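This report refers to the structure that appears directly beneath it.
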Amino acid sequence: MNWITNVVRPKISSFLNRREVPENLWVKCPETGQMVFHKDLEANLFVVPGSGFHMRMDPTARLRSLFDGGKWYDVALPSVVPDPLKFRDEKRYTDRLKDARAKTGAQDAVKVGFGKLDGLPVTIAVQDFGFMGGSLGMAAGEAIVTGMETAVSRGTPFIMFACGGGMRMQEGILSLMQMPRTTCAVHALREARLPYIVVLTNPTTGGITASYAMLGDIHIAEPGALICFAGPRVIEQTIREKLPEGFQRAEYLRDHGMVDLVVHRHEMRATLSRLSHLLMRAPAPGEAKAKSSEPRALEAKTSEAKTSEAKPADAEAVPASEAPLPPVVPVA
């Protein structure tokens with residue numbers, strides 16, 4: 001009786017009350033092997049504290065780190081035919097899409113948000129490598145084009161966080177057609193004289209590099225990001241020569257004039273804000289606050305002199321940059 005009470009019952013209770021530890025509780029740095037607690041990594045914007053290695057960042061976390069107060073409007077994206085070619089290899093393409101959507105919680109590889117960056121309205125699109133390697137298909141192409149059209153209609157800068165392995169082979173020529181489509185959308189931004197800033201993250205390769213990722217007014221890269229069309233292994237096998245150390249990495253491309261800046265993720269928001277304000281000829285955040293705190297006696301006198309001509313408050317027009325568009329959903 002004592003054996004059952006003292007040994008068997010405690011073992012059964014400990015087995016039944018055992019708590020499962022999440023698989024992603026600890027994250028291993030690919031560069032140094034350092035183990036980092038997931039919450040600490042998330043608080044550090046997914047940069048490994050010891051090595052400074054930049055881990056991949058999902059679109060929601062990326063947008064939250066950029067917009068004022070972590071709040072923005074999700075731009076509604078048009079729907080497309082899910083499997084136009086009825087493609088199948090080891091698995092059906094539709095099944096791969098279901099798996100990717102269940103894994104990421106997103107409909108496709110690109111997420112677009114509209115909000116304010118240090119008070120300046122901006123439109124930002126982010127590619128998610130976790131969704132089928134960030135590959136560009138019809139849905140992702142439509143999302144990028146819609147984001148650029150939103151920037152044109154709003155009169156805002158467009159910031160693109162590029163990341164992915166290239167075109168989505170399951171959609172064939174329809175995927176490749178997204179290259180000229182996004183290029184035309186970039187041209188519309190230029191005709192509207194609006195800034196187009198590209199942030200190249202790890203990895204940015206293939207047709208993504210060959211189209212909209214290299215058409216920006218300013219190209220920024222995260223440290224250590226792989227940026228190329230064909231990978232280094234393919235090039236080495238083709239030319240049968242050893243490539244220089246760091247070839248096709250962000251720092252190498254900056255030193256050879258292909259990238260303008262290499263910016264640490266902790267400084268990314270301030271850099272994008274500074275560039276956006278400069279290119280839009282808007283006062284810097286500090287200058288705007290200083291001006292707003294100055295006395296406005298002259299303005300008050302002018303407004304008093306024109307009270308008879310002033311419109312009632314409810315008749316004033318809302319600026320286009322402030323009025324929320326119908327196809328956007330607020331996100332906290």
Side-chain angles (χ1 to χ4, degrees), residues 45 47 54 56-57 59 62-63 65-66 109-113 117 120 122-129 134 136 140-141 143-145 147-148 151-152 156-167 178-232 235 244 246-280:
L45 296 181
V47 178
H54 285 52
R56 295 192 183 104
M57 199 172 183
R62 180 84 68 176
L63 294 175
S65 70
L66 294 171
V110 177
K111 186 180 182 71
V112 183
L117 178 60
L120 181 72
V122 295
T123 306
I124 302 177
V126 183
Q127 275 185 274
D128 184 8
F129 190 85
L136 190 73
I144 294 172
V145 171
M148 293 182 179
V152 172
T156 71
F158 184 74
I159 302 172
M160 180 76 218
F161 282 84
C163 176
M167 302 297 107
Q178 306 313 309
M179 296 172 67
R181 291 189 72 242
T182 53
T183 302
C184 291
V186 172
H187 185 66
L189 274 173
R190 289 186 176 167
E191 285 187 336
R193 302 181 67 82
L194 293 170
Y196 174 38
I197 303 172
V198 180
V199 182
L200 305 163
T201 64
N202 185 44
T204 303
T205 62
I208 296 172
T209 310
S211 54
Y212 58 89
M214 285 297 166
L215 296 176
D217 299 311
I218 296 177
H219 293 95
I220 303 172
E222 289 190 333
L226 176 67
I227 305 162
C228 60
F229 180 74
I235 296 174
F247 184 72
Q248 294 181 322
R249 295 290 172 175
E251 293 78 8
Y252 184 92
L253 298 180
R254 176 200 57 197
D255 296 341
H256 289 77
M258 194 172 177
V259 171
D260 298 307
L261 297 168
V262 176
V263 179
H264 194 282
R265 193 172 289 166
H266 291 167
E267 302 171 2
M268 186 65 70
R269 186 181 190 276
T271 302
L272 292 174
S273 173
R274 186 166 61 251
L275 289 172
S276 298
H277 281 80
L278 178 65
L279 294 175
M280 292 297 290

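Fair warning: this is a prediction, and the values are worked out from it, not measured in the lab.
No side-chain donor-acceptor contact under 3.5 Å links Q127 to the backbone of G164. With hydrogens and angles disregarded, no donor-acceptor distance shorter than 3.5 Å links the side chain of R56 to the backbone of F129. In this structure a side-chain-to-backbone donor-acceptor pair under 3.5 Å is missing from T204 to L200. With T182 contributing its side chain and M179 its backbone, the two residues share a donor-acceptor pair below 3.5 Å.
In this structure, the side chains of Y196 and L194 stay at 4.5 Å or more apart for every pair of heavy atoms. Residues I227 and Q248 are not in side-chain contact: their nearest non-hydrogen atoms beyond the backbone lie 4.5 Å or more apart. Looking at heavy atoms from C-beta onward, I220 lies in side-chain contact with M268 at the 4.5 angstrom threshold. Inter-residue side-chain proximity for D260 and R254 is flagged as unmet; no heavy-atom pair is nearer than 4.5 Å. For the pair M57/S65, a side-chain contact is recorded, criterion being any heavy-atom separation below 4.5 Å from C-beta on. V186 places none of its side-chain heavy atoms less than 4.5 Å from the side chain of F158. Side chains of M214 and I208 form no contact here, defined as non-hydrogen atoms less than 4.5 Å apart. No side-chain heavy atom of V112 sits less than 4.5 Å from a side-chain heavy atom of V126.
Between the side chains of S211 and T183, no donor N or O sits under 3.5 Å from an acceptor N or O.
Across C228 and T209, no two heavy atoms sit closer than the pair O-OG1, 2.8 Å. T271 and E267 get closest at one heavy-atom pair: OG1-O, 2.8 Å. In this structure, V198 and A213 approach most closely via the heavy-atom pair CG1-O, 3.4 Å. Annotation for A185 and M148: closest pair CB-SD, 3.4 Å, computed over non-hydrogen atoms. Scanning both residues, A151 and P157, for their nearest heavy atoms gives CB-O, 4.3 Å. Across every non-hydrogen atom of I235 and A230, the tightest pair is CD1-O, 3.7 Å.
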Worksheet item: Between L275 and I218, does a side chain to side chain contact (heavy atoms under 4.5 Å, CB included) hold up when you go through it step by step?
Response: CA-CA 9 Å; L275 289 172; I218 296 177; 3.7 Å; yes
Item to complete: Please report the C-alpha distance between S273 and H277 in whole Å, then the side-chain angles of each, then the deciding distance to 0.1 Å, and finally whether the side chain to side chain contact (heavy atoms under 4.5 Å, CB included) criterion is met.
Response: CA-CA 6 Å; S273 173; H277 281 80; 3.5 Å; yes
Item to complete: Give the intermediate values and the outcome of side chain to side chain contact (heavy atoms under 4.5 Å, CB included) for residues D128 and K111.
Response: CA-CA 8 Å; D128 184 8; K111 186 180 182 71; over 6 Å; no
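Of the candidates H54, R265, H264, R265 is the only one forming a side chain to side chain donor-acceptor pair (under 3.5 Å) with E222. When the options V262, D255, L226 are evaluated for a side-chain contact (heavy atoms from CB on, under 4.5 Å) with R249, the one that passes is L226. The only member of V122, D217, I124, L272 that meets side-chain contact (heavy atoms from CB on, under 4.5 Å) when paired with I197 is L272.
Annotation: F229, atom CZ; neighbour count of heavy atoms from other residues, nucleotides and ligands within 6.0 Å does not exceed 12.
Note that OG1 of T156 and CE of M280 are 7.0 Å apart. Values are rounded to the nearest 0.5 Å.
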